[in-house]
Number of protein chains: 2
Amino acid sequence: MFQGEFSNNMDEKGRVSIPAPFRDTLKTHHADGQLFITRSHNTDCLIAYPTREWKRLQAAVKEMPAKLRPHFKRAVITPSQLFSPDKQGRILLAGVLRQHASLSRAVHFAGTGETFEIWDKASWDKQLVTDLAALQDFELDM
Amino acid sequence: MFQGEFSNNMDEKGRVSIPAPFRDTLKTHHADGQLFITRSHNTDCLIAYPTREWKRLQAAVKEMPAKLRPHFKRAVITPSQLFSPDKQGRILLAGVLRQHASLSRAVHFAGTGETFEIWDKASWDKQLVTDLAALQDFELDM
DNA sequence: GTTAAATTCCCCACGATTCCCCACTAAATC
DNA sequence: GATTTAGTGGGGAATCGTGGGGAATTTAAC
């Protein structure tokens, strides 16, 4: 499980450390240790899928409304890149992906269970304000 | 049952002791002794869920209005941190959580039955004034 | 095709943080 | 008053994030 929030800094070369807890789950639960990273189709962030989840996504694409499929393929499947963290646990995010999430220096990692998201810290903070505002009057009954 | 109020001090390293009575109930009523700690979605405090209650929360997320779900996931589920108190019964809260509750030194623990809340002492005191004011003209009939 | 420049990859190194253990003090219990 | 328990502090080892150097590879330029 990918859980928790972590902020790391991207250096001048464009390298960012994957948070250690995420590396651990990747290593222990996902044999090949590889990550497919692509853009989110409806938020300003990137989503990292371990191989198993990436396959599930591809299966889901086949099930989605035919009209949306080409859009989704171009927007999400095509720009995806395969990563394996280097010995220091870092990845090098380049070009298209970095731009889509407006990544500059402060990079925010957010665990979402089977995958995790990669945000620019400022964007995340902004999003969080919106989230909390939307929940202000919500009462959870359990 | 988590019941009562307790104040402990966070040290320079960011460690806080869980009040002994809470540790006891955790140990006797919750086999794994683990705590999920996360943001409260509508108050300036943190909420600690034993595993069983955490599962109930996750079930509740599936039942909540679809519009709110992504907000709730980002604001509450993602930042959650899993703890098992160390040998001294302390935990080390991550920056994100510490900030949400504005925790500095005096940390206030408030039992709420199946879960308990973690407040900055000053915020708690302030909240209490509001609570009492709101109840000023209320007559309880029972 | 050859050379130059830029990029990427791999390794080492430093500083900060975190984790784990031990110790002290004050309060509670017997 | 002696003994246990709770909260707090600190030291040292290990881990993590981050910067930088240099080799290797790719890309661009002539």
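Lettering of chains follows the sequences in order, A, B, ..., and the numbering in each one begins at 1.
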[X] [atom1] to [N] [atom2]: how many Å, rounded?
X      : N      : atom1 : atom2 : answer
A:E12  : D:dG19 : CD    : C1'   : 8 Å
B:F109 : D:dG7  : CZ    : P     : 9 Å
A:R98  : C:dT8  : CZ    : C1'   : 12 Å
B:H108 : D:dG7  : NE2   : P     : 14 Å
B:D24  : D:dT5  : CG    : P     : 11 Å
B:N8   : C:dA27 : CG    : P     : 14 Å
B:K13  : D:dG7  : NZ    : P     : 19 Å
B:D11  : C:dC22 : CG    : P     : 19 Å

Determine whether the aromatic ring centres of A:F6 and A:F109 lie less than 6.0 Å apart.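 They do not qualify: ring centres at least 6.0 Å apart.
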Regarding A:E117 and A:W124, do their side chains bring together a donor and an acceptor under 3.5 Å, going by distance alone?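 Side chains of A:E117 and A:W124: no pair found under 3.5 Å.
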Using side-chain heavy atoms (C-beta onward) and a distance below 4.5 Å, is A:I91 in contact with A:R15?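 Answer no - side chains too far apart.
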For residues A:I37 and A:Y49, determine if any side-chain heavy atom of one lies less than 4.5 Å from a side-chain heavy atom of the other.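 Sidechains of A:Y49 and A:I37: no contact.
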When you check the gap from the basic side-chain N to the acidic O, do B:D11 and B:R90 get nearer than 4.0 Å?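 Judged by the 4.0 Å cut-off on N to carboxylate O distance, B:D11 and B:R90 do form a salt bridge.
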Answer yes or no: is there an ion pair linking A:E5 with B:R39, defined by an N-O contact shorter than 4.0 Å?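 Yes.
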Minimal non-hydrogen separation, [X] against [Y], with atom names:
X      : Y     : value
A:P79  : A:R74 : CD-O, 3.4 Å
A:H108 : A:S7  : ND1-OG, 2.7 Å
B:L26  : B:G33 : CD2-O, 3.4 Å

At less than 3.5 Å, do the side-chain atoms of B:R15 and the base atoms of D:dG7 form a donor-acceptor pair?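 Donor-acceptor pair under 3.5 Å: no.
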Which residues, if any, of residues 78-96 of chain B bring a heavy atom under 4.0 Å of DNA chain C?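 The stretch gives B:Q88, B:R90, B:L92 as the residues lying under 4.0 Å from the strand, ordered by number.
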Please list residues of residues 99-107 of chain A whose heavy atoms come under 4.0 Å from any atom in DNA chain C, ordered by number; otherwise none.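 Per residue number, the list is empty: none.
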From C-beta outward on A:R23, which listed nucleotide comes closest to its side chain: C:dC19, D:dC16, D:dG7?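 The answer is D:dC16.
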Given B:R98, which partner from the list B:I118, B:L103, B:V16 fulfils the side-chain contact (heavy atoms from CB on, under 4.5 Å) test?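 Testing B:R98 for a side-chain contact (heavy atoms from CB on, under 4.5 Å) against B:I118, B:L103, B:V16 leaves exactly one candidate, B:L103.
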Please check if atom CD in A:Q58 has more than 12 non-hydrogen atoms from other residues, nucleotides or ligands closer than 6.0 Å.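 More than 12 heavy atoms, drawn from other residues, nucleotides or ligands, come within 6.0 Å of this atom.
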When the C1' atoms of the five terminal pairs at each end define the local axes, what inter-axis angle does the helix from C:dG1-D:dC30 to C:dC30-D:dG1 show, to 10 degrees?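 Roughly 30° between the end axes, to the nearest 10°.
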